[in-house]
Q: 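I have a structure here, written as C-alpha cells, and I will follow up with some questions on it.
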Amino acid sequence: MSAPRILKPGDTIGILGGGQLARMIALAAAPLGLKAHIYAPEAGSPAFDVASAHTQAAYDDLDALSAFATSVDVVTYEFENVPVDTATFLSAIVPVHPGARALGITQDRLDEKTFVSRLGIETAPFAEVNDDAGLEAALAEIGRPAVLKTRRFGYDGKGQVIIREGDDAAAAFKAIGRHPAILEGFVPFEREVSVVAARSEDGRFKAYEVTENEHRHHILYRSTVPADVTPAVEAVSAEIARRIGEALGYVGVFAVEMFLVVEDGAQGVIVNEIAPRVHNSGHWTLDGAVTSQFEQHVRAIAGWPLGAVERLGRVEMTNLIGNEADSWHEILAEPGAHLHLYGKAEARPGRKMGHVTRIFEP
Ligand code: AMP
C-alpha cells in the first residue's frame, strides 16, 4: 500500500469506468480545481466527454494501467466489478480508494453477507450453494420462498430467481447458469431504503439521511428523502453504515441497501447489499444536499474535509430510463426541476439515460 496522500488543487483523479457515475464524479472534481482521467474499455464512454484525459483500454492491459497510474494522484472506480487484480496492481503505484479489500468483499454476495453478519448486523438468512445437493440442503435450512442469486456479477435483479413453494429448484439453479450462488430467505419487506455515507482515511464519517427507493422492473425508479422512517431507523442506519465503513477501512462514498421491515408495529432494517461507490439512490444530493455525494467522494479520496450532508428540502429523484429521457424539453420547462442527462448515444430499453431532481419545501 502507498502512503496516504493529500491531494492539492491541480491534481488528477483517475477513475476506472466511464459511465454516468464516473461522469458525475469528474464533474464534481472540476469546481474543486481537480482534473479527472477516465480509464474505460468502451469507446464513447459518457465520462470521456467531461474529463481532461481518458484511456480506452482493457482492465487487464498492464502497460495501459501503468501509464494511467503514473499520470494520476489517486485512483477510484465507479463500479464494483473492476477486477480486484486491477485494483491491486494499481495500488502498488498510486493510492486506490476504496481499497482492494472493500472491492473484493463487495463483489461476492456470500463474502459480503458473511462479513455483514459477522459484524452483528442483520441480513436475510443465507447459505452457500455450489450444486443441486447444496441447493436442496440450503432450501431445507432456509425454507421457501427463497431467493437464489449468483455470488458474483449480479445487478438490477439479473442473476437471481425466487424459489417458491412447488417450484423446481434444479430449474432455478439452471436459470442462473449453475454459477456458485447464495440462497437467501425471502424478506417480506415493507419498503426498500438505503443509506449513503462517506468515510475518510483518518476515520471521519458522515451519512446522508435514509433514502426511500422505489424500483420498477428491478431498476431504481424513484428515490425520496426524507424516507418515511422512524428516528430510530435513521439512527440505526447511520450506525450500520459507520460500522461497515470502519470494518472495511473504507475511504470514499458507499451505499448500504436495506429492507425496511415492520415487526410488532416497530420498524427495523435488514441489510441487503453494500455498493462500494457512489450510488443511484444518492443522486438526489446533487441538487438536494449541501454537498453532493460526488463532491463528498472526491473530498474523501483526496484526503480533504468531508462536506456537510444536510438536506435542502423534501427531495425526489426520478430516473429517466430508455426513452423517458425524450421528455427532456418538458422537464426543462418545469420550474425548479433539475435535469441531468448522461450523454449516452443510444436509449436502449432499461438503460439509465439521466435523472431529474425536484425539491419541495420542507
Ligand atoms: P439485489 O440484486 O440483491 O439488490 O436484489 C434486487 C432486488 O430483488 C432487491 O432490490 C429486492 O427488491 C429483491 N430482493 C433481493 N433479495 C431479496 C430477499 N432476500 N428478499 C426479498 N426480496 C429480495
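Both counts, for ligands and for their atoms, begin at 1 and track the order of listing.
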Q: Which ligand 1 atoms are under 4.0 Å away from a heavy-atom of Arg109?
A: 1 (P), 2 (O), 3 (O)
Q: Looking only at distances, please establish whether an N/O atom of ligand 1 is found under 3.5 Å from an N/O atom of Gly185.
A: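 Between Gly185 and ligand 1 (N or O atoms, distance only) the closest approach is under 3.5 Å.
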Q: I want to know if ligand 1 touches His215 in the polar sense, i.e. an N/O pair below 3.5 angstrom.
A: no
Q: In terms of atom number and element, which parts of ligand 1 are under 4.0 angstrom from non-hydrogen atoms of Gln160?
A: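 Result: 1 (P), 2 (O), 3 (O), 5 (O), 6 (C), 8 (O), 15 (C).
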Q: Between Arg151 and Asp111, does at least one N-O distance fall below 4.0 Å, as a salt bridge requires?
A: yes
Q: Tell me whether Ala146 reaches ligand 1 (any heavy atom closer than 4.0 angstrom to a ligand atom).
A: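 Ala146 does not count as a contact of ligand 1 under the 4.0 Å cut-off.
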Q: Output yes when the distance from some N or O of ligand 1 to some N or O of His218 is under 3.5 Å, and no in every other case.
A: no
Q: With atoms numbered from 1 as shown, which atoms in ligand 1 lie under 4.0 angstrom from a non-hydrogen atom of Glu257?
A: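 What qualifies from ligand 1 is 4 (O).
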Q: Kindly determine whether Glu184 and Lys113 satisfy salt bridge (Lys or Arg N to Asp or Glu O under 4.0 Å), including the steps that lead there.
A: CA-CA 10 Å; Glu184 296 177 10; Lys113 287 232 157 53; 2.7 Å; yes
Q: Can you tell me which residue among Ile182, Val161, Ile176 is in a side chain to side chain contact (heavy atoms under 4.5 Å, CB included) with Thr150?
A: Ile176
Q: Applying salt bridge (Lys or Arg N to Asp or Glu O under 4.0 Å), run through Glu239 and Arg242 and close with a yes or a no.
A: CA-CA 5 Å; Glu239 181 59 13; Arg242 194 192 60 73; 2.8 Å; yes
Q: Please could you name the atoms of ligand 1 that Glu192 approaches to less than 4.0 Å, counting only its heavy atoms?
A: 9 (C), 10 (O), 11 (C), 12 (O)
Q: State yes or no: are the ring centers of Tyr250 and His97 separated by less than 6.0 Å?
A: no
Q: One residue to check: Val187. Relative to ligand 1, which of side chain, backbone, both or neither has a non-hydrogen atom less than 4.0 Å away?
A: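 Under 4.0 Å from ligand 1, Val187 contributes backbone and side-chain atoms.
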Q: Would you check if Glu112 and Glu273 make a side-chain contact, meaning some heavy-atom pair closer than 4.5 Å?
A: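 When only atoms from C-beta onward are counted, Glu273 and Glu112 do touch, with a gap below 4.5 Å.
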Q: CD of Gln296 to CD1 of Ile25: how many Å apart, nearest 0.5 Å?
A: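 Nearest 0.5 Å value for the CD-CD1 distance: 12.5 Å.
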Q: So if I count the atoms of ligand 1 from 1 in the order they appear, which ones are less than 4.0 Å from some heavy atom of Phe189?
A: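 Here the atoms of ligand 1 in question are 12 (O), 21 (C), 22 (N).
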